[in-house]
Every structure is written in structure tokens, then in C-alpha cells.
Amino acid sequence: MDKLVIEGGKTLTGKVMVAGAKNAALPLMAACLITDETLKISNVPHLSDITTMANLLVHMGVDLSIESLKEDENFQSGRVLCLTAKNISEHRAPYDIVRRMRASVIVLGPLLARFGEAEISLPGGCAIGARPIDYHLMAFEKMGAKIDLEEGYVKAKVEGGRLKGADITFPTVSVGATENVLIAATLAKGKTILRNAACEPEVGDLANMLNSMGAKITGIGTHTLEIEGVEKLHGTEYRVIADRIEAGTYLAAAGATGGDIEVVGISPDIMSSTLEVFEKMGMKIERKENSIRAISTTPLLAIKVSTQPHPGFPTDMQAQISTLMCIAEGTSIMEENIFENRFMHVPELQRLGANIVVDGNFLSITGIKNFKAAEVMATDLRASVCLILAALRAEGTTGINRVYHLDRGYERIEEKLSALGATIYRTKD
Ligand code: EPU
């Protein structure tokens with residue numbers, strides 16, 4: 001297994017190009033199943049989760065080709081995926097793929113809407129929590145699907161073959177359920193209203209792409225989406241939005257190392273809550289139309305942060321900000337409200353010397369002067385990257401084991417960090 005070795009204590013400076021958002025690209029790819037015409041998606045990041053989704057779609061009969069773009073002077077790579085779901089032979093997402101990536105459940109909506117039936121392996125729990133899919137299923141039942149659970153699989157069928165519009169209120173905000181039902185509702189008979197819907201930028205990206213395919217969705221960017229069902233959607237060309245979590249992670253690296261980093265290719269508007277947190281911690285943030293620069297010249301300050309659905313502070317930045325809190329002056333509080341088990345990075349940060357007390361879904365973090373290098377273990381995607389941030393700051397050389405999690409969500413991270421001045425390399429465990 002791969003391991004990252006990081007020599008701490010370097011100040012990171014420079015520009016880094018932000019990749020396309022993994023969490024936007026995955027539902028966009030799944031949406032190819034809603035039409036028999038070709039979908040051309042650009043700015044797709046090169047990540048293992050994207051490969052898993054591509055494998056699932058190909059397994060179902062999707063015709064997939066990849067055009068790789070040459071890197072430009074800004075480090076921009078990204079790939080263009082051409083997806084055509086003309087000859088779908090398989091309406092089942094097998095356990096072997098779903099267990100590797102929960103986001104696979106997003107194929108349920110488009111399959112059900114277009115073919116009137118679908119089978120998806122139940123994903124089971126994961127490192128950050130139970131993560132059930134009951135909201136997805138509740139919504140599809142309201143839209144006329146009959147759902148059975150057999151041998152670990154969700155078997156869904158629509159009487160008469162076509163879903164019908166419904167008025168659906170989600171009990172709490174769910175990104176995945178909103179996206180799954182949104183895709184399905186585009187082809188349903190009549191109008192669907194999704195209340196308490198997620199309004200994350202990635203949901204807006206999906207809605208915009210579906211509209212460019214002929215869907216009729218209004219309320220984009222709000223907690224109420226209205227979808228007027230149409231008979232058929234057509235192909236389109238669409239560019240994935242920038243990854244606000246990747247951008248936030250590199251800006252956090254400026255905070256961790258007392259550096260000066262500009263992330264290029266992203267609008268500051270889609271990550272306001274994260275930028276406000278950096279500012280409250282004493283970092284200087286410069287917002288431009290298509291880039292954000294973070295400068296950290298003074299010691300970080302303790303603050304209180306709570307994760308919330310968008311436009312609140314995102315859970316996917318919780319581990320990274322918790323790491324900054326470890327070296328901030330005073331005692332900070334981090335409250336995690338989205339997932340029940342997203343503190344797996346805490347024992348690893350403690351191995352690096354952090355002073356953290358866990359109390360339910362709260363962390364009380366008292367700042368130390370610096371981390372001290374040690375061997376640590378990555379447990380999930382964001383936990384892995386927060387250990388990189390700590391290692392960049394730490395005295396000595398840190399080894400981070402099990403970094404395959406990182407390859408799910410951070411494109412060429414060693415290369416990008418090296419270009420900013422980090423000493424980091426990959427080796428075998
Ligand atoms: N929930 C339910 N029932 C459901 C659906 C969700 O109880 O049917 C609960 C979940 O257990 C969780 C909360 O609702 O406690 C929110 O979950 P949500 O459905 O919003 O999460 P998700 O769609 O599974 C996406 C991202 C996550 C991100 C969350 C929250 C993708 C592929 N994943 O997950 O990203 O943390 O939204 O913003 O879009 C990551 O990138 O590291 C990551 C985990």
C-alpha cells in the first residue's frame with residue numbers, strides 16, 4: 001500500500017490550479033443514464049472515485065470514451081468524458097462496486113425514471129457514519145415506485161413504467177437524496193416539488209446540466225426545487241464546477257505553514273463560509289473573480305465552528321480546519337452536525353501531539369506550538385488530507401499510511417504541494 005512521507009516546516013507559497021469537483025462530476029456522470037444521447041462532460045478530475053463510477057456505468061452498457069486534455073501553463077489538466085447510454089443492458093448496481101463507493105446509489109434515480117426498474121446494492125455503513133438511503137427510497141415510493149429489500153439489494157419497480165410527480169419534504173438536508181430524486185423527477189409525469197432540498201453548489205451544477213439537457217427545473221440554489229417532468233432529455237456538453245473542498249484544503253495549507261497560496265479557477269462565491277472561517281482565524285483572504293489568495297503571517301486564532309448544510313460551513317472541511325485549530329492560540333470548538341462519526345482523524349492528530357478532547361459531536365481543541373512528526377494512518381478522504389496539513393507544519397518527517405483514500409478525492413496532490421514548496425513523496429508501506 002502507498003504511503004506519503006512529508007518533511008515538515010516548509011512555508012508553502014505559489015499558485016495552484018483547482019480541479020473539477022468530484023462531488024459534482026459523479027452525479028453528472030450518472031445522469032447520462034437518463035438519455036440515449038451523448039453527454040460530453042469536461043473538467044472531470046482524475047480520481048479513483050471517478051474511475052469507479054465509470055466502471056459502474058460501463059458495466060450497465062454505457063459507451064464511454066475519454067479525451068485527455070494537455071496540461072496548460074496553469075497546471076490545468078482535467079478530462080473530457082463522452083458518455084452514451086443508448087444500449088443499457090443491466091439495471092443493477094452490484095455490491096462489489098457500491099461497497100467501494102456509496103455515491104453509486106445515484107444511478108437508482110435515472111434508471112428508475114427511464115426504464116421503470118432498478119436494483120442497487122444497499123451500501124451499508126462507512127467510516128464516517130451509518131449513512132442510510134431511506135430518504136432516497138421514501139421519495140421514490142412517493143413518486144409511485146414499489147421498493148423491496150431482498151438479499152441486500154434495493155429492488156425498485158414502477159407500475160406502468162413512469163414515475164409520477166410528487167410533493168416531497170426531506171426530513172433533513174441530504175445532498176445525495178436531493179440529486180438522486182432531482183434526476184428522476186425530470187422524466188416523471190407532472191410536477192415534483194423537493195422541499196428542504198440540499199442547495200450545495202454541486203446540486204446546482206447538476207440542475208443546470210439537466211436544464212441544458214431539456215429539463216425544467218426552477219429554484220436552483222434554494223432549498224425548494226420545482227421540476228416539471230418532460231417526455232425526454234437530450235445530450236449536452238457541460239463543464240464541471242471547481243472543487244471548493246480541494247481549494248479550501250490548499251488555502252488551509254497556507255494557514256498551516258504560514259504561507260501565501262492562491263487557488264486559481266474558482267469563484268469565491270461558492271465557498272464563502274469557509275473563507276469567513278479562515279478570516280476569523282486571522283488569515284488574510286483576497287477574493288478575485290476566478291481565484292482566491294490566502295496569506296498567513298500571524299499566529300492563527302482560536303474560534304468556534306459548526307458544520308451545517310450549504311451555505312453553512314461544510315463537513316468536508318471539518319478535519320482540515322480542526323487541524324488549523326490544533327496550532328491556533330487558545331481553545332477552539334468544532335461541532336460536527338452532519339455525520340455522527342467524523343472524528344476518526346482525532347487519534348491520529350493526537351499522535352502528532354494535538355491537544356483535543358472529544359465530547360459527543362464536539363471537539364475542544366487547545367492550541368499547541370507545533371506538531372511533532374510520527375507515523376500515522378489515514379482513515380477516510382478528509383482525514384487523510386488533514387494529516388498532510390499537520391505533517392507540512394510538523395517538526396520532523398511524518399509518514400502517512402493508507403493514502404489510497406486520498407486518491408479518491410485529491411488529484412496529483414504530491415505534485416501540486418511540491419510545486420508550492422513542500423517536501424513530499426510517495427513510497428510503499
Ligand atoms: N441521510 C440519511 N438518510 C438518507 C440520506 C442521508 O439519514 O437517505 C443522512 C446521512 O447519514 C448524513 C446526512 O443525512 O448524516 C447528510 O448526508 P448526505 O446525503 O447529504 O451525504 P451524501 O450525499 O452521502 C455528499 C458528499 C459527501 C459530503 C456530504 C455532505 C458526494 C459523493 N458525497 O454525501 O462528501 O460530506 O454530501 O455535504 O457528493 C467527501 O467528499 O469527503 C464526502 C464525504
Side-chain angles (χ1 to χ4, degrees), residues 19-31 45 47-50 52-53 56 98 100-109 120 122-142 147 154 168-183 194 196-206 223 240-241 243-249 270-271 273-274 306-320 336-345 361 378-386 405-411:
K22 162 183 83 85
N23 290 348
L26 291 171
L28 295 187
M29 288 170 70
L47 300 168
S48 62
D49 272 6
I50 297 294
T52 304
M53 179 59 83
L56 175 60
V98 180
R100 244 176 282 159
M101 189 182 68
R102 312 176 43 82
S104 309
V105 299
I106 190 93
V107 298
L108 181 56
I120 311 284
L122 264 180
C126 76
I128 60 175
R131 300 180 80 181
I133 56 164
D134 50 334
Y135 304 167
H136 305 232
L137 303 185
M138 167 278 284
F140 291 133
E141 275 182 334
K142 273 199 112 175
I147 312 262
V154 172
I168 295 158
T169 303
F170 293 109
T172 59
V173 173
S174 161
V175 172
T178 302
E179 292 171 340
N180 215 342
V181 183
L182 177 66
I183 303 175
L194 303 182
N196 203 21
C199 67
E200 269 65 5
E202 295 75 21
V203 178
D205 210 34
L206 174 64
H223 286 297
V240 180
I241 50 162
D243 193 324
R244 63 198 165 101
I245 307 300
E246 189 202 27
T249 303
I270 64 169
M271 50 185 300
S273 57
T274 301
S306 303
T307 64
Q308 298 292 345
H310 194 78
F313 176 78
T315 174
D316 292 344
M317 280 300 296
Q318 181 257 109
Q320 298 89 315
E336 171 58 55
N337 293 308
I338 308 296
F339 292 109
E340 68 272 24
N341 190 26
R342 219 177 189 182
F343 289 152
M344 302 277 281
H345 48 288
N361 64 325
T379 48
D380 74 68
L381 174 58
R382 310 302 169 189
S384 315
V385 90
C386 91
H405 293 287
L406 268 181
D407 300 328
R408 299 184 59 178
Y410 289 91
E411 192 181 75

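For the numbers below, each heavy atom of this structure counts, side chains included, while hydrogens, waters and symmetry mates do not. One-based numbering, in listed order, for ligands and for the atoms of each.
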Just heavy atoms, cut-off under 4.0 Å: does [X] contact ligand 1 by side chain, backbone, both, or neither?
| X | value |
| --- | --- |
| I338 | both |
| R382 | side chain |
| A103 | side chain |
| D134 | both |
| V175 | both |
| M101 | neither |

Can you figure out which of F170, F339, Y135 has its heavy atom closest to atom 17 (O) of ligand 1?
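Looking at heavy atoms only, the winner is F339.
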Can you pull out the closest protein heavy atom to atom 19 (O) of ligand 1? Residue, atom name and distance to 0.1 Å, please.
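The protein heavy atom lying closest is S174 OG, 2.6 Å.
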Protein residue, atom and distance nearest to atom 32 (C) of ligand 1, heavy-atom basis
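Going by distance alone, atom 32 (C) of ligand 1 is nearest to N23 OD1, 3.3 Å.
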Can you see which heavy atom on [X] is nearest to which on [Y], and at what distance?
| X | Y | answer |
| --- | --- | --- |
| M53 | A103 | CE-O, 3.9 Å |
| A198 | V203 | O-CG1, 3.6 Å |
| I50 | A25 | CD1-CB, 3.7 Å |

Any nitrogen or oxygen of [X], side chain or backbone, less than 3.5 Å from one on ligand 1?
| X | result |
| --- | --- |
| A177 | no |
| R131 | yes |
| R342 | yes |
| T172 | no |
| E200 | no |

Out of all atoms in ligand 1, which are within 4.0 Å of some heavy atom of [X]? Include the element for each.
| X | value |
| --- | --- |
| T315 | 30 (C), 36 (O) |
| G176 | 19 (O), 23 (O) |
| L381 | 42 (O) |
| H136 | 8 (O) |
| D316 | 27 (C), 28 (C), 35 (O), 36 (O), 40 (C), 41 (O), 42 (O), 43 (C), 44 (C) |
| I133 | 4 (C), 8 (O) |

Sub-4.0 Å protein heavy atom near atom 5 (C) of ligand 1:
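There is a protein heavy atom less than 4.0 Å from atom 5 (C) of ligand 1.
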Answer yes or no: is there a side-chain heavy-atom contact under 4.5 Å between [X] and [Y]?
| X | Y | result |
| --- | --- | --- |
| H136 | F170 | no |
| Q308 | S273 | no |
| L206 | T178 | no |
| P45 | D243 | no |
| S104 | I120 | no |
| T172 | Y135 | yes |
| T379 | F343 | no |
| P201 | R244 | yes |

Should the pair D49-R102 be classified as a salt bridge under the 4.0 Å nitrogen-to-oxygen rule?
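Looking at D49 and R102, the cut-off is not met.
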In terms of side-chain geometry, is the basic nitrogen of K22 or E202 positioned less than 4.0 Å from the acidic oxygen of its partner?
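Not counted as a salt bridge, because no side-chain N and carboxylate O are separated by less than 4.0 Å.
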Return yes when G409 approaches ligand 1 closer than 4.0 angstrom through a heavy atom, no otherwise.
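For ligand 1, residue contact (heavy atoms, under 4.0 Å) with G409 is absent.
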Determine, using heavy atoms of K22 and all atoms of ligand 1, whether some pair is separated by less than 4.0 Å.
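K22: in contact with ligand 1 (<4.0 Å).
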To the nearest 0.5 angstrom, please state how far the CE atom of M271 sits from the CD atom of E246.
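Rounded to the nearest 0.5 Å, the CE-CD separation comes out at 10.5 Å.
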